[in-house]
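Below is one structure; the comments refer to it alone.
What you see below is based on every heavy atom in this structure, not just the backbone, and it leaves out hydrogens, waters and symmetry mates.
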Amino acid sequence: MTPGARITASCHCGAVRISAVLRTPTSQAARCNCSFCRRRQAANVSCDYSSLEIEKGKDALRLYQFGTCKAEHYFCGTCGIYTHHRRFSDQTEIGVNLGAVEGAEVWTLEPIPWNDGRNL
């Protein structure tokens with residue numbers, strides 16, 4: 001999937017469905033090594049925050065924040081799947097869980113690089 005494409009992602013139980021426009025190709029997915037993301041280990045792709053549409057399940061989404069509370073991590077309150085997060089480093093950008101993106105085959109992109117979110 002290439003920049004400018006609209007992707008759709010959903011949680012496991014189907015309660016949450018989002019879409020957003022890619023900033024980078026899915027082949028450039030990455031993981032983050034901050035204290036939260038390294039535990040989650042989900043590869044994510046960069047999308048424009050302004051393009052985010054919560055198509056289903058706004059009430060099912062839960063928000064987790066820590067530290068400065070600048071980053072916003074969203075997950076389904078029913079099944080617990082992380083769908084997306086608003087980035088700490090760039091508030092105009094969201095990371096969408098590549099494992100939740102329709103049609104994405106994450107295993108074909110391994111090894112997926114790690115970004116240094118620990119030292120921001």
## Note on the structure
In short, Asn33 meets Gly117 closest at the heavy-atom pair OD1-N, 2.8 Å
### Message
Check for me, please, whether Leu98 and Leu52 land in the same ILVMFWY cluster - side-chain distances under 4.5 Å, paths through other members count.
### Response
yes
### Message
Can you tell me how far apart CD1 (Ile18) and CG (Asn97) are? Round to the nearest 0.5 Å.
### Response
8.5 Å
#### Entry: Pairs involving residues 25-43, ordered by first then second residue, that meet salt bridge (charged side-chain N to carboxylate O under 4.0 Å, His left out) (sequence neighbours left out)
Arg31-Glu110
### Task
Side-chain contact test, heavy atoms from C-beta onward, threshold under 4.5 Å: evaluate it for His73 versus Cys37 and give yes or no.
yes
### Over all atoms of both residues, closest heavy-atom pair of Leu109 and Thr26
CD1-O, 3.4 Å
### Task
Evaluate the side-chain contact (heavy atoms from CB on, under 4.5 Å) criterion for residues Gln41 and Trp114: first the C-alpha distance (whole Å), next the side-chain angles of each, then the deciding distance (0.1 Å), finally the verdict.
CA-CA 9 Å; Gln41 293 200 26; Trp114 289 81; 3.8 Å; yes
### Query
Under a single-linkage definition using a 4.5 Å side-chain heavy-atom cutoff for Ile, Leu, Val, Met, Phe, Trp and Tyr, are Phe36 and Ile112 assigned to the same hydrophobic cluster?
no
#### Entry: Aromatic ring pairing His84/Tyr74, orientation class (parallel under 30°, perpendicular over 60°, tilted between)
parallel
### Close side-chain approach of Met1 and Val45, heavy atoms under 4.5 Å
no
### Task
Take Val21 and Cys47 through the test side-chain contact (heavy atoms from CB on, under 4.5 Å) and record every step on the way to the result.
CA-CA 5 Å; Val21 174; Cys47 294; 5.9 Å; no
### Summary
Taken in chain and number order and not counting sequence neighbours, the residues that satisfy ring-ring contact (aromatic ring centres under 6.0 Å, His included) with Phe75 are none
### Task
Examine the side chains of Thr92 and Arg23 and answer whether a donor and an acceptor come within less than 3.5 Å of each other.
yes
### Query
With a cut-off of 6.0 Å (strictly less than), are more than 12 heavy atoms of other residues, nucleotides or ligands near CG of Asp116?
yes
### Task
Output all residues satisfying salt bridge (charged side-chain N to carboxylate O under 4.0 Å, His left out) with Arg17, sequence neighbours left out; order by chain, then residue number.
Glu55, Glu102
### Message
Do Val96 and Ile7 have side chains that approach each other closer than 4.5 Å (heavy atoms only, starting at C-beta)?
### Response
yes
### Set of side chain to side chain donor-acceptor pair (under 3.5 Å) partners for Arg62, sequence neighbours left out
none
### Query
Taking Gln65 for the side chain and Ala71 for the main chain, is one N or O donor matched with an acceptor at less than 3.5 Å?
yes
### Query
For the atom pair OG1 (Thr8) and NZ (Lys56), what is the distance rounded to the nearest 0.5 Å?
13.0 Å
### Query
Got more than 12 heavy atoms from elsewhere within 6.0 Å of NZ, Lys70?
yes
### Message
I'd like to know if Ile54 and Ile81 are part of one continuous hydrophobic network [Ile/Leu/Val/Met/Phe/Trp/Tyr, side-chain heavy atoms within less than 4.5 Å].
### Response
no
### Task
Heavy atoms only: give me the nearest Ala30-Asn115 pair and the separation to one decimal.
CB-ND2, 3.4 Å
#### Entry: Thr78: side chain to side chain contact (heavy atoms under 4.5 Å, CB included) partners, not counting sequence neighbours
Cys13, Ala15, Cys76
### Message
Please say yes or no: joined through hydrophobic side-chain contacts below 4.5 Å, possibly via intermediate residues, are Tyr64 and Val16 part of one cluster?
### Response
no
### Query
Asn44: what forms a side chain to side chain contact (heavy atoms under 4.5 Å, CB included) with it, not counting sequence neighbours?
Tyr82, His85, Arg87
### Query
Any side-chain heavy-atom pair from Cys34 and Phe88 closer than 4.5 angstrom?
no
